[in-house]
Amino acid sequence: MMNGSTGRRQRGQGRVRAASAALCLFAGALTATAAGASPAAALTPPVALTADDLTTWQTNGIVWSMAATEGTVYAGGTFSTIRPPDAAAGTSEQPAVNFAAFDAATGAPTDCSLSFTLSSGTATVRALALSPDGETLYAGGQFGAVNGVGVSNIAAVDTATCTPRQDFKIAVSATVRALDATADTVYLGGDFTSVGGQTRNSFAAVTTGADLLPWTANADEVARAVEVTPDGQHVALGGDFFNVNGTTSHALAVVDATTGALTKSYPGFIPDTSTVQDLTTDATGLYTANEGTGGGVFDGRIAIDLDDYQQRWRDTCLGATQAVLVHSGVLYSGSHAHDCSSMGGFADQPRRHLLAQSVDDPTLLPWFPDTNDGIGEPVGPRVMTQTDKGGHHYLWVGGEFTTVNGGGQQGLTRFADGPDTGTPWVPNVSLSTVTPGQIDVQWQTSFDTDDGELTYRIYKDGASTPVHTTTGYSLFWDRPQLKWTDTDVAVGETHSYRITASDGTNTSAKSPAQSATVAASTQGYPARVLSDGASLYWRYDEGTSTFAADTTDGLNNGFLRNGPAYQQTPAAIAGDSTAIGFDGASEYAYSNKRHAQPTRFTVETWIKTTTTRGGKIIGFGNLSMQNSTRFDKHVYMTNEGRLVFGVYSGGRRTVTTTGTYNDGAWHHVVATQGPGGVALYVDGQLRAANLLYTSNENYPGYWRVGGDNLANWANRPTSNFFAGQIDETAVYPTALSASTVSAHYALRTGG
């Protein structure tokens with residue numbers, strides 16, 4: 001974990017504004033693919049915070065708002081008690097009526113206790129903001145009293161004494177959802193239509209003495225965020241609105257800080273189905289958190305340059321963003337992101353609720369702590385704040401979650417710049433002896449929640465000193481294969497290897513020892529597969545892991561899902577080690593790499609089964625962690641044991657064998673598509689073909705083995721998943737000829 005420095009000032013809902021754009025940058029291997037990002041952007045800032053959550057007191061409800069200064073964190077929301085970090089709900093609780101204050105460094109409550117109440121209905125604190133000098137805490141929401149002192153949805157608290165200020169009272173007609181403060185002005189936004197008895201629609205400004213100002217920025221829908229720019233000259237507005245002061249500007253606008261007159265409007269900039277939930281700034285940028293409902297929504301984040309209020313970048317992740325915060329050149333966000341594939345990120349993975357990006361580039365950075373969705377709507381994280389104490393930086397997160405990093409924790413959590421205690425996953429290792437006189441050591445890169453670049457050390461024959469050290473970059477959805485070839489071996493020798501992964505602070509345990517014997521001669525079958533240009537070749541010789549090693553130089557490894565049966569014997573090819581078994585219910589493999597549409601291709605594999613439920617053997621699909629919604633270029637078995645090869649081109653185009661192959665013997669299955677149409681070979685012989693089927697569906701996707709969707713395909717079997725053994729799976733970027741297919745089959749001499 002790398003630390004970073006920052007200059008900042010606290011304002012708004014406790015968010016951070018970096019005082020300088022100057023960063024200590026390091027070279028990264030990331031390329032931005034999101035709209036507005038430069039494809040040459042290769043420098044990314046260090047993520048200054050670990051992903052390890054710290055022990056923190058909890059709430060029994062939702063935290064909607066936070067602010068922080070000088071080591072104290074204030075939290076407001078809809079809750080009635082707080083409890084210690086490890087206490088179960090309903091135990092060891094102490095009263096905290098919609099508000100609590102905490103020590104930033106310990107996570108424990110301070111002696112500041114305030115009660116926000118309402119005579120009828122449910123009170124809630126939706127916004128907190130500190131004055132620049134930290135002496136006054138402004139609170140907004142839906143409440144009628146603070147510690148019994150009557151107020152109307154907005155209040156000011158003296159932070160030194162933790163008492164409501166009697167000289168700050170003004171009537172706001174409905175819920176206040178957003179606050180920001182300068183030395184002399186408090187800006188507010190929400191559901192209201194009047195402030196101090198005068199018309200103010202959604203936005204208003206008052207003095208620090210609670211006098212209504214002539215500042216006017218009337219909007220037609222709910223306000224959710226207000227943010228004064230660092231120079232104090234403008235105020236950014238966010239919410240559901242479609243116009244401000246009569247001018248079209250949906251969800252986002254920038255107005256003059258003195259008058260409220262529009263400085264920059266944004267018609268058509270954000271889809272009508274989306275809103276702005278939060279805003280934050282640093283010295284050079286304005287950043288938005290966006291939420292959408294329905295189709296065609298925008299759920300991601302936007303970076304806007306403050307010098308001209310034009311877009312710097314936007315990401316297109318799906319999964320409503322609720323909170324944004326800048327710290328040390330990194331934009332942290334709270335959301336429930338579930339699909340960032342449009343910008344080169346993860347697709348059909350479980351929701352991720354906390355993300356990080358450079359303020360200069362939307363590419364996701366390697367920082368992946370997580371919460372659950374929790375209670376309420378639910379979304380998960382709702383608000384963030386940051387402060388320092390004792391020489392450490394602390395990021396606090398509030399919301400409706402009930403777990404953090406898999407452990408029970410409700411409403412509040414926090415992260416710091418150290419210590420980094422998270423250890424990378426143990427690498428998955430496979431050995432290959434296809435080439436005589438050497439051993440190829442292959443491994444699936446590991447995952448660490450707050451480091452992308454990891455160091456790998458290979459230990460040979462039980463030695464305590466590594467024989468090879470290298471680095472590799474990986475993320476939870478992209479764990480590429482690495483390879484090292486040991487040539488310091490002799491024919492007939494057997495050697496064992498173990499690998500560790502380190503983030504520079506923490507090192508994983510060594511992987512289980514894997515052994516291989518140095519071959520004296522070339523193995524005919526795999527050598528021919530490689531020489532004929534396979535771009536993916538999984539031999540399934542691993543032990544128990546999630547790793548299907550790719551024998552080609554493309555290192556296009558596979559993920560094995562749901563625990564298939566490893567080391568099945570006999571294998572399909574004489575001299576081969578093992579095959580793999582799939583259960584026909586949920587087990588399958590998918591390629592780590594997401595591929596563009598293959599217009600010409602060959603898929604090749606060996607199968608052995610007695611199933612009467614059929615299932616997909618190999619295919620191309622747009623999803624990896626669940627059944628695909630777009631799927632073709634596949635071979636599947638019918639209930640009767642016939643084989644079908646299908647592509648989609650304006651319709652489902654299939655060819656089917658007349659023979660059946662669920663007889664418990666190994667069979668060689670090859671399907672090709674090219675200018676000559678499609679062909680399906682079994683055991684070296686052409687069994688079905690069609691010259692007219694020369695195209696397939698265009699979408700990016702993954703090669704999948706053992707199962708995927710088969711909805712609406714001809715002779716659809718009972719099961720989407722194949723029950724049986726599979727071995728020697730290869731994919732080629734060309735259509736192999738009949739003679740080549742026959743030659744491959746002929747190389748099998750037993751098994």
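Residues: numbered from 1 along the sequence shown.
- The closest side-chain donor-acceptor pair between T485 and D440 falls under 3.5 angstrom.
- Within the 4.5 Å cutoff, side-chain heavy atoms of S628 are placed close to those of N622.
- D315 and Q357 share a side-chain donor-acceptor pair at under 3.5 Å.
- With hydrogens and angles ignored, the 3.5 Å screen pairs a side-chain donor or acceptor of S446 with a backbone N or O of W425.
- A donor-acceptor pair under 3.5 Å is absent between the side-chain atoms of D299 and the main chain of L318, judged by distance alone.
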After noting the C-alpha distance and the side-chain angles of T517 and T494, does the key distance pass the side chain to side chain donor-acceptor pair (under 3.5 Å) rule?
CA-CA 4 Å; T517 300; T494 298; 2.7 Å; yes
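- Atom CZ in R642 sits 5.0 Å away from atom CG in N715 (nearest 0.5 Å).
- No donor-acceptor contact under 3.5 angstrom links the side chains of N290 and S274, judged on distance only.
- By the neighbour-count criterion of 12 heavy atoms within 6.0 Å, atom CZ of R716 is densely surrounded, having more than that number from other residues, nucleotides or ligands.
- One distance of note links OH of Y636 with CH2 of W713; it measures 6.5 Å at 0.5 Å rounding.
- Interatomic distance, CD1 of I617 versus CZ of F722, reported as 5.0 Å (0.5 Å rounding).
- In this pair, W477 and F368 present their aromatic rings perpendicular. The plane angle is above 60°, beyond the 30 to 60° band.
- Residues T629 and N709 bring no donor and acceptor atom of their side chains to less than 3.5 Å of each other.
- Just one residue in the list F601, F620, Y648 forms a side chain to side chain contact (heavy atoms under 4.5 Å, CB included) with N696, and that residue is F601.
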Quick one, R539 with V434, criterion side chain to side chain contact (heavy atoms under 4.5 Å, CB included). Give me CA distance, side-chain angles, the key distance, then yes/no.
CA-CA 11 Å; R539 305 198 67 201; V434 170; 3.5 Å; yes
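- Counting only residues at least two apart or on different chains, the side-chain hydrogen bond (donor to acceptor under 3.5 Å, both in side chains) pairs with a member in residues 656-665 are D663-H667.
- Defined by atom type and a distance below 3.5 Å, a donor-acceptor pair is present between the side-chain atoms of N639 and T718.
- A side-chain donor-acceptor contact under 3.5 Å links S531 to the backbone of R528.
- Classified by interplanar angle (parallel below 30°, tilted 30° to 60°, perpendicular above 60°), the ring pair Y525/W606 is perpendicular.
- Side-chain contact, E697 with Q597: no donor N or O sits under 3.5 Å from an acceptor N or O.
- For the residue pair T546 and N428, a side-chain donor N or O sits within less than 3.5 Å of a side-chain acceptor on the partner.
- Contact annotation: the side chain of R498 never approaches that of V429 to less than 4.5 Å [non-hydrogen atoms, C-beta and beyond].
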Could you walk me through whether Y681 and L736 satisfy the side chain to side chain contact (heavy atoms under 4.5 Å, CB included) test, starting with their C-alpha distance in whole Å, then the side-chain angles of each, then the deciding distance to 0.1 Å, before giving a yes or no?
CA-CA 11 Å; Y681 303 85; L736 296 184; over 6 Å; no
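- Between E587 and R561, no side-chain nitrogen of the basic residue sits less than 4.0 Å from a carboxylate oxygen of the acidic one, so the salt-bridge criterion is not met.
- With contacts defined as side-chain heavy-atom distances shorter than 4.5 Å, the pair T552/S535 does not qualify.
- Checked by atom type, the side-chain pair T293/T273 shows no donor-acceptor distance below 3.5 Å.
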Using the rule given for side chain to side chain contact (heavy atoms under 4.5 Å, CB included), can you reason through Q410 versus I375, listing the C-alpha separation, both sets of side-chain angles and the distance that settles it, and then say yes or no?
CA-CA 9 Å; Q410 184 172 357; I375 58 178; 3.8 Å; yes
Yes or no on side chain to side chain contact (heavy atoms under 4.5 Å, CB included) for T611 and M637, after CA distance, side-chain angles and deciding distance?
CA-CA 9 Å; T611 184; M637 180 173 279; 4.0 Å; yes
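- A donor-acceptor pair under 3.5 Å is absent between the side-chain atoms of D583 and the main chain of G563, judged by distance alone.
- Cation-pi geometry between R352 and F346 is not satisfied (NZ or CZ under 6.0 Å from the ring centre, within 45° of the ring normal).
- With no hydrogens or angles considered, no side-chain donor-acceptor pair links Y590 and D708 at under 3.5 Å.
- A donor-acceptor pair shorter than 3.5 Å cannot be found between the side chains of N592 and N556.
- By the 30° and 60° cut-offs, the orientation of the rings of H336 relative to H353 is perpendicular.
- Each of T578, T729, D576, D727 was compared with Y540 under the side-chain hydrogen bond (donor to acceptor under 3.5 Å, both in side chains) criterion, and only T729 meets it.
- A donor and an acceptor atom, one from each side chain of S624 and D348, are located under 3.5 Å apart.
- A donor-acceptor pair is defined here as one N or O able to donate and one able to accept, closer than 3.5 Å; such a pair exists between the side chain of D339 and the backbone of S341.
- Ring geometry for H668 versus H744: interplanar angle of 30 to 60°, hence tilted.
- Between the side chain of N557 and the backbone N or O of R479 there is at least one donor-acceptor pair closer than 3.5 Å.
- A donor atom on one side chain and an acceptor atom on the other are not found under 3.5 Å apart for D541 and S430.
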